[in-house]
Chemist: 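Quick one: the structure is below, and I'll ask about it shortly.
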Amino acid sequence: MRADPQNERIFTQEIGKLRILSNEMREEQNDHIINWVDNSPFLEDDGSITQGLSLTMVLPTKGCKYAMADHGGCSMCTLPMDNPLHPSEESIKALPQRTWDLYQKKGGSEKFRGVKFYTSGSFLDRWELPMDVRKEILAKFVDHVDEITIETRCEYVLSKHIEDVLQVVPPEKLIVAIGQETTDDEINTRSVNKGHKLRQFRRAVELLQEYNVKVKGYILLKSIFMSELSALDDVLRTAKHMNDLGVQNISINPCYIGKKTLMEQMFYHGTYRPPWLWTVYYSTIAVKKLVGDETRVISDPVAAGSDRGPRNCGQCDKSIKAQLKEFSATQDLSVLDKVECECREIYHAALNTEHLANGMGTTEIFYR
Amino acid sequence: MTVFDIQTELGYTRRLVSGDLKPTPWFVSTAKGLQTNELSFTQVILSERGFMPLEPMDFETLEFNSNYDKILDELPEWCILTPRLYPAADNLQKSLDYELNLFLDRLDEVDLPKAFGLVYDPIHTDLDHLRELLKYKPSIIVIRFPNLEDESPRKMLPKIMELRKEIPPNVAMYIPGSGGLGYQTLLIALGIDIIDDLAAYRFAARQRGFIDQMIHYLPDYSMTELIKINLESLRRDFDNILFQIGRNGLWTKFAKDMHVHPHVASFRHLLAYEQSLSLDLAKFRKFSDNSLPFTGEEALYHPDVLAYQSRLKERYVERDEIKMIVLLPCSARKPYHESYSHRKYEKSIQAGAQERRNVVKVWSLTSPLGVVPRDIETVYPAANYDIPVTGNWSEAETRITGSLLADMLDTLDEEVIVVAHVSAGYKDMIEVAQERKNIIINWADHQSRSDEALENLSNTIRNNLQKFDPVDLGKKGAYLEARNVIQAITRYNHGPDVKLDFDYQRVRIIGRPPRPLAIQKDKQHWITWDKLGGDVRLHKRAVQDIAMNSINWILVTAEKLRGSNLFGIGVGEASTAISPGDEVIFFNEDKTKLLGIGVATVSGMTMNRVQSGLVASIRKKLQVNVTELEE
């Protein structure tokens, strides 16, 4: 054996150092609820899809506990930077009312068919959000929307938490989103540093299915140390595994360069570039063709078209982003047929060689 | 074991063959995977789940791999194997080492196909890792390089040269993504065997087009137009490269390609001015029939020119009887002695030397070769080059050729008189040599062919040769010419210590040019001499005469030669002095028996590193104990 097991995850030392830096930049306290509205696909009883609006709210909890460990958490994750380091007990207790007020202010039941609660961590983690508070939040919304989505890591998907939540939300209205990122354990361990493998994800999915709760699986597109082609390949394999497990919602999340992350370091080093929007485009089509009508595929890339986000040549980025958004809301693949740009040929050639060449996909397009 | 054998070796450029496939270099199309006209490379990740192929998708139909999670049962032929992850950054060296070591551990466990490639990264790993990879006997080493056009030639050039020397010559090298107009000539000249067309796209992405054999910034062209133009241009350029390889003209093309872009020229300049001395000149052919059309100073650094100069200094030995060297200007017509000007000079020399003509030798001065003694002016490249003639010499030409002349004059006895009869342009070159050797400048002005100049030449020769006894050569003229030329060319080929015993009484010349002349000794065929082509072929008795002193020896792992070819497996050891095209002598492994003579198809350096493939053709088989041979 040449590979020294002690070095298997030695890269996490760098993530840990960066997390200390990013924590130093965090505010001690804030109670700002980041929020946005997006068009989402809603599955009707007859199996059809209709568009509707959802309000997403990021609750200012302490953020992801996993990211606070010495290993620094996930290599691409910058989300806890938005959260306060030590939110006061009062601000956490005020969240049910504040989220409700925000919801009303943004349009309320007249406007929204769904709400999504994110925490830059896990909604089901009591360290972030006490059980009574989360239940109170859910109770305020349950009668006013068709769908409530909450995000959590696998390890918090436990019977006691599910049953606790199901006391206020009927299972048909609940979606639990899990950031599995990939079902390839090697990538999860030695690139994403996710901390859980396919086995833990499978357990969580099966448990949620026992309670008839729908699952949303996040797939990370192009983690560090991967080429564009291997990233595209991994999305398809992961989608296949998720589909086989019966995951009903799949969200493809292309990487963007978060501040004070190992990904950012690689980006500056010139050995990482965010994925091409073409990769997002192709993987979206491929995954939708795989999973069919039963499963919703969401592909709404963050920071699309920017230097630090998924991008193409700069000419077609906006239109591809818009069409991916439209597809995500309608689940209609035909909307993606309209996409055409001359940079596509360049993408194809780069895709086929960069796994062997500079490896991390640094071919850029400089328009006049 | 690599699936490649070497078909041809021209410096670092080799034509590698495998089965029915066309010989390398190969041009890979990247639009739909990695494809040559004849095969596709499959990129496969060695993962903990097994062999994961990274299959190209059919983007036109938007139909995707229906499997979505294909794991291969076995590795396909022509796969390129890669690690699962590649953490390349300065502060992640241990992580990268882990991934690469894990990859090697996995390689230990798999059944490898016959033809496969492994990836080596010279930027983030050291040569030890390359040596580890080579232990698995890949046919291809894929070099993970940044884009050449974005990198410093000073950094990249030594890397490429180092890798080519490290990687066995029958293992193909592929640099994905680093081709491009001009660059692909450079890469292939330096021994890269597989290139691709990605640069056509990459340059188009930067609004650069390959038009008229140059890289232009073309903001008015669409990307689609540029891609089309660039692809066509690269493909055409690659065809030209193949054409030039076929006629040993690749380095001439490379010199021409300097005009593609200043960055390409930087590579050429660095190669010429700083790296040319590190070229293994023995890998370049010394006998060839291609023309060498030089246009400028780049000629001074052409490997065939450097190889000629190196061999001239090491192997040319002036005859003891020579008492005077006459330095003459070169001529446009080759060989020089057939030119109008040299015929006139010869008359003048003859008039001055008369019965002492046999002690006078003509050396022609020329750029870029420097010095061409009369006896070897029919060999390559002396008989094959062409330069623009202006009469003006650059400082570099003067310095380099002057220094070579001085080196050559140093090999002469003190008493040998040197007379320069040249035109004005050669004056500076003579002055460089004069710092080390006294040279009588008979004429160094315009009109070196004027009656006055030629008269002066006769007089100078006459006056300086008075102290030597005249010799009546009788009808020995043709014999002496054959003796001198054959001796010199044989030494140019086999080294300075070989000597052929040309006893006038025993030697007979039969035939008339343009057909090769048969030289008989004791009424038996001894040597074949192509007087016009500069080719000397030794017959078995001549072989025995020079065998023990030839530096072109190959020790064969058998007591007897069989068939008409020698293959790599049959080579015990070969002299590293051997160049492709050289005449070579075969011995058994302990050098107790002379086994024959033949012609090398690859250099001795290469013979020592390959186990298969043709390395020499056998021309004559012998069975002679070396005790019967003369030292």
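In what follows, chains are A, B, ... by sequence order, proteins preceding strands, each numbered from 1.
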Chemist: Side chain from CB out, backbone as N, CA, C, O: work out which of these in A:Glu14 comes under 4.5 Å of a heavy atom of chain B, or both, or neither.
Modeler: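 When you check distances to chain B, only side chain atoms of A:Glu14 fall under 4.5 Å.
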
Chemist: Look at B:Val142, B:Asp90, B:Ile175 and state which one has the largest set of heavy-atom pairs under 4.5 Å with chain A.
Modeler: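 Most heavy-atom pairs within the cutoff with chain A belong to B:Asp90.
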
Chemist: For B:Arg106, is it the side chain, the backbone, both, or neither that has a heavy atom closer than 4.5 Å to a heavy atom of chain A?
Modeler: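 Contact with chain A: side chain only.
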
Chemist: Assess the residue pair B:Asp196 and A:Thr353 against the criterion (side-chain contact (heavy atoms from CB on, under 4.5 Å)); give the C-alpha distance rounded to whole Å, side-chain angles, the decisive distance to 0.1 Å, and a yes or no.
Modeler: CA-CA 9 Å; B:Asp196 63 40; A:Thr353 51; 3.7 Å; yes

Chemist: Locate the shortest heavy-atom distance separating B:Ala89 from A:Met266; write the atom from each residue and the value.
Modeler: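 Minimum heavy-atom separation between B:Ala89 and A:Met266: CB-SD, 4.0 Å.
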
Chemist: So how far is it from B:Met52 CE to A:Asp233 CG, rounded to the nearest 0.5 Å?
Modeler: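 Separation between the atoms: 7.0 Å.
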
Chemist: Picking from A:Asp184, A:Asp234, A:Asp185, which has the most non-hydrogen pairs under 4.5 angstrom with chain B?
Modeler: A:Asp184

Chemist: Just give me the residue among A:Gln265, A:Arg237, A:His269 that pairs up with chain B most often, heavy atom to heavy atom, under 4.5 Å.
Modeler: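 Looking at each of A:Gln265, A:Arg237, A:His269 in turn, A:Arg237 comes out on top.
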
Chemist: Quick check for you: to the nearest 0.5 Å, what is the distance between B:Lys70 atom NZ and A:Leu236 atom CG?
Modeler: 12.5 Å

Chemist: Under 4.5 Å between any side-chain heavy atoms of A:Lys17 and B:Asn91, yes or no?
Modeler: no

Chemist: Just how far is it from atom NE2 of A:His355 to atom CD1 of B:Ile80, taken to the nearest 0.5 Å?
Modeler: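 If I round to the nearest 0.5 Å, the distance is 9.5 Å.
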
Chemist: The criterion is side-chain hydrogen bond (donor to acceptor under 3.5 Å, both in side chains); which residues satisfy it with B:Glu232, sequence neighbours excluded?
Modeler: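 Applying side-chain hydrogen bond (donor to acceptor under 3.5 Å, both in side chains) to B:Glu232 gives B:Lys228.
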
Chemist: Calculate, to the nearest 0.5 Å, the distance between atoms CD and CG belonging to B:Glu55 and A:Leu232 respectively.
Modeler: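 Here the interatomic distance stands at 12.0 Å.
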
Chemist: Write down the atom of B:Tyr201, the atom of A:Ala349, and the distance for their closest heavy-atom approach.
Modeler: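 Nearest pair, atom of B:Tyr201 first, then A:Ala349: CD1-CB, 3.3 Å.
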
Chemist: Looking only at heavy atoms, what is the nearest atom pair of A:Asn352 and B:Thr30, with distance?
Modeler: ND2-O, 2.7 Å

Chemist: Please classify the contact of A:Asn243 with chain B as side chain, backbone, both or neither, using a heavy-atom distance under 4.5 Å.
Modeler: neither

Chemist: So, for A:Ala350 and B:Leu198, which heavy atoms are closest and what is the spacing to 0.1 Å?
Modeler: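 Where A:Ala350 meets B:Leu198 most closely, the heavy atoms are N-CD1, 3.5 Å.
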
Chemist: Tell me, do B:Asn101 and A:Asp4 make a side-chain contact under 4.5 Å, heavy atoms counted?
Modeler: no

Chemist: Counting neighbours of CD on A:Gln13 that are heavy atoms of other residues, nucleotides or ligands and sit closer than 6.0 Å, is the number greater than 12?
Modeler: no

Chemist: Could you give the distance from CD (A:Glu186) to CG (B:Leu102), rounded to the nearest 0.5 Å?
Modeler: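 The CG atom of B:Leu102 is 6.5 Å from CD of A:Glu186, to the nearest 0.5 Å.
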
Chemist: Quick one: CG on B:Leu118 to CG on A:Leu356, what's the gap to the nearest 0.5 Å?
Modeler: 11.0 Å

Chemist: Would you say A:Lys288 has more than 12 foreign heavy atoms packed within less than 6.0 Å of its NZ?
Modeler: yes

Chemist: Search all heavy atoms of B:Pro176 against all heavy atoms of A:Ala357 and return the closest pair with its distance.
Modeler: O-CB, 3.6 Å

Chemist: Top residue by heavy-atom pair count (under 4.5 Å) with chain B, among A:Gln6, A:Glu345, A:Arg190?
Modeler: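 Max contact count across the listed options: A:Arg190.
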
Chemist: Would you say B:Tyr68's side chain and A:Ala286's backbone share a donor-acceptor pair under 3.5 angstrom?
Modeler: yes

Chemist: Do other residues, nucleotides or ligands put more than 12 heavy atoms under 6.0 Å from the CG atom of A:Asp70?
Modeler: no

Chemist: Please classify the contact of B:Ile227 with chain A as side chain, backbone, both or neither, using a heavy-atom distance under 4.5 Å.
Modeler: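 Side chain only.
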
Chemist: Check A:Leu229 against B:Gln43 and note the closest heavy-atom contact, atom names and distance.
Modeler: CD2-NE2, 4.1 Å

Chemist: Can you say whether B:Leu92 sits under 4.5 Å from chain A via the side chain, the backbone, both, or neither, judging by heavy atoms?
Modeler: side chain

Chemist: Less than 4.5 Å to any heavy atom of chain A: does that hold for the side chain of B:Asp121, its backbone, both, or neither?
Modeler: neither

